[in-house]
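Data block below; observations after.
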Amino acid sequence: MTKHIFHNLDPQSVAACYHDWTLISASFPAPLAGIAPFMPHEALRPVETAPGETNLTLMGMAYRRVDRLAPYNEFGILVPVSPLETRQPPEIPVYFVLQLPVTTQEARDGGILIYGYPKFVAQIDFERRGERIDCHVGVEGNAIISLSVPAHPGELPTVDLYTYSVRGAEILKTRIEINGLSGSLPGPGASYSLGDHPLSDDLRKLEMAAIPSSSQYAPQLESILHFPERIQI
């Protein structure tokens with residue numbers, strides 16, 4: 001671990017402390033035109049990483065020890081967006097959450113009610129294959145998506161991030177502080193595959209490239225999930 005995020009922290013001041021978890025992620029180029037129909041508010045604008053293009057980030061997370069919650073797994077499909085407050089490039093990455101399936105009902109309910117996250121209950125399993133880590137997501141035996149990432153050694157500090165989500169007519173912003181080391185790899189290495197679930201068909205419409213721009217593996221992290229704040233636009 002690289003810093004002491006829980007030092008002098010009042011546990012009642014934050015939504016949850018995550019003491020031990022693993023992350024795999026990869027970012028894949030995708031055309032802005034395909035993502036636009038899935039953005040629920042015109043103010044949420046994807047970051048343009050190349051002309052007419054952005055990156056979609058796929059994240060698999062295995063939470064082994066969490067305050068107030070039983071262990072669970074989660075899979076995120078996220079779009080980098082410009083900060084609504086400044087419209088300037090963010091100092092800390094900002095994402096809009098397109099999908100966020102989880103493996104427990106309590107994680108789903110809290111994520112929807114408090115954060116407005118698009119959560120649903122799914123099967124999310126991790127598999128180690130030699131020097132690769134796979135994450136498989138499905139519902140009732142129907143595969144949605146699988147992500148495979150090289151298990152490169154952790155060398156770089158992980159980065160805090162913000163998420164935007166929509167709850168009713170409100171846009172919410174949430175800070176997530178993350179502590180730990182990750183292994184990052186630019187270019188080819190990670191891969192994904194889509195299944196036969198209806199959500200898989202929606203993901204095909206996003207037209208993600210087959211070759212990623214980068215991938216990440218962090219075997220042991222800790223983090224703080226803050227309560228969301230309402231954003232005025």
Does any part of the side chain of [Y], heavy atoms only, come nearer than 4.5 Å to the side chain of [X], both counted from C-beta?
| X | Y | value |
| --- | --- | --- |
| H226 | I224 | yes |
| R45 | V81 | no |
| L147 | F75 | yes |
| V139 | H197 | yes |
| L58 | I145 | yes |
| V79 | F38 | no |
| D202 | P198 | no |
| V159 | P93 | yes |

- Query: Going through the distances and angles, do K173 and E229 end up as a salt bridge (Lys or Arg N to Asp or Glu O under 4.0 Å)?
  - Reply: CA-CA 5 Å; K173 183 178 182 180; E229 59 177 303; 5.3 Å; no
Looking at [X] and [Y], would you say the former's side chain and the latter's main chain have a donor-acceptor pair under 3.5 Å?
| X | Y | value |
| --- | --- | --- |
| H136 | S146 | no |
| D160 | I178 | yes |
| Y164 | L84 | yes |
| R132 | S148 | yes |
| R175 | P228 | no |
| Q216 | A26 | no |
| E207 | G34 | no |
| E48 | G52 | yes |
| T22 | P219 | yes |
| S182 | G154 | no |

Out of curiosity, does [Y] fall in the hydrophobic cluster containing [X] (side-chain heavy atoms, cut-off under 4.5 Å, transitive links)?
| X | Y | result |
| --- | --- | --- |
| V137 | I133 | yes |
| Y115 | I176 | yes |
| L206 | L32 | no |
| F126 | V121 | no |
| M59 | V66 | yes |

To the nearest 0.5 Å, what is the distance between [atom1] on [X] and [atom2] on [Y]?
| X | Y | atom1 | atom2 | answer |
| --- | --- | --- | --- | --- |
| D134 | R129 | CG | CZ | 4.0 Å |
| D201 | D196 | CG | CG | 8.5 Å |
| M208 | T54 | CE | OG1 | 12.5 Å |
| I114 | I112 | CD1 | CD1 | 11.0 Å |
| L203 | Q99 | CG | CD | 7.0 Å |
| T163 | L100 | OG1 | CG | 8.5 Å |

Considering all heavy atoms, the nearest [X]-[Y] contact:
| X | Y | value |
| --- | --- | --- |
| R128 | A151 | NH2-CB, 3.8 Å |
| A122 | G138 | CB-O, 3.4 Å |
| E222 | H19 | CB-O, 3.8 Å |
| V97 | P118 | O-CG, 3.6 Å |
| I124 | P101 | CD1-O, 3.3 Å |
| P40 | F96 | CD-CZ, 3.3 Å |

Might you work through the side chain to side chain contact (heavy atoms under 4.5 Å, CB included) test for R230 and R167, ending with a clear yes or no? CA-CA 10 Å; R230 298 180 181 87; R167 185 180 63 188; 3.7 Å; yes
- Message: Under the criterion side chain to side chain donor-acceptor pair (under 3.5 Å), I'd like the reasoning laid out for T57 against S27: C-alpha separation, chi angles, the key distance, then a yes or no.
- Response: CA-CA 4 Å; T57 297; S27 295; 2.9 Å; yes
Where does the angle between the aromatic ring planes of W21 and Y18 fall among parallel (under 30°), tilted (30 to 60°) and perpendicular (over 60°)?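 Ring orientation of W21 relative to Y18: perpendicular.
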Exercise for the section: Assign the ring pair Y72 / Y63 to parallel, tilted or perpendicular, where the plane angle (0 to 90°) is split at 30° and 60°. Expected result: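 Because their plane-to-plane angle lies in the 30° to 60° range, the rings of Y72 and Y63 count as tilted.
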(request) Walk me through it: do Q220 and D20 pass the test side chain to side chain contact (heavy atoms under 4.5 Å, CB included)? (result) CA-CA 6 Å; Q220 186 174 20; D20 180 20; 3.5 Å; yes
Hey, is CD1 on I231 packed in by over 12 heavy atoms from elsewhere, all under 6.0 Å?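 Yes - once you tally the heavy atoms of other residues, nucleotides and ligands closer than 6.0 Å, there are more than 12.
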Step by step, work out the side chain to side chain contact (heavy atoms under 4.5 Å, CB included) result for L56 and L98. CA-CA 10 Å; L56 277 172; L98 284 176; 3.9 Å; yes
Passes side chain to side chain donor-acceptor pair (under 3.5 Å), S223 versus E177? Steps please.
CA-CA 5 Å; S223 61; E177 296 183 69; over 6 Å; no
_Intermediate values then yes/no, ring-ring contact (aromatic ring centres under 6.0 Å, His included), Y162 and Y95_ = CA-CA 6 Å; Y162 287 100; Y95 295 95; over 10 Å; no
Side chain to side chain contact (heavy atoms under 4.5 Å, CB included) between L221 and T158, intermediate numbers included: CA-CA 9 Å; L221 299 173; T158 50; 3.5 Å; yes
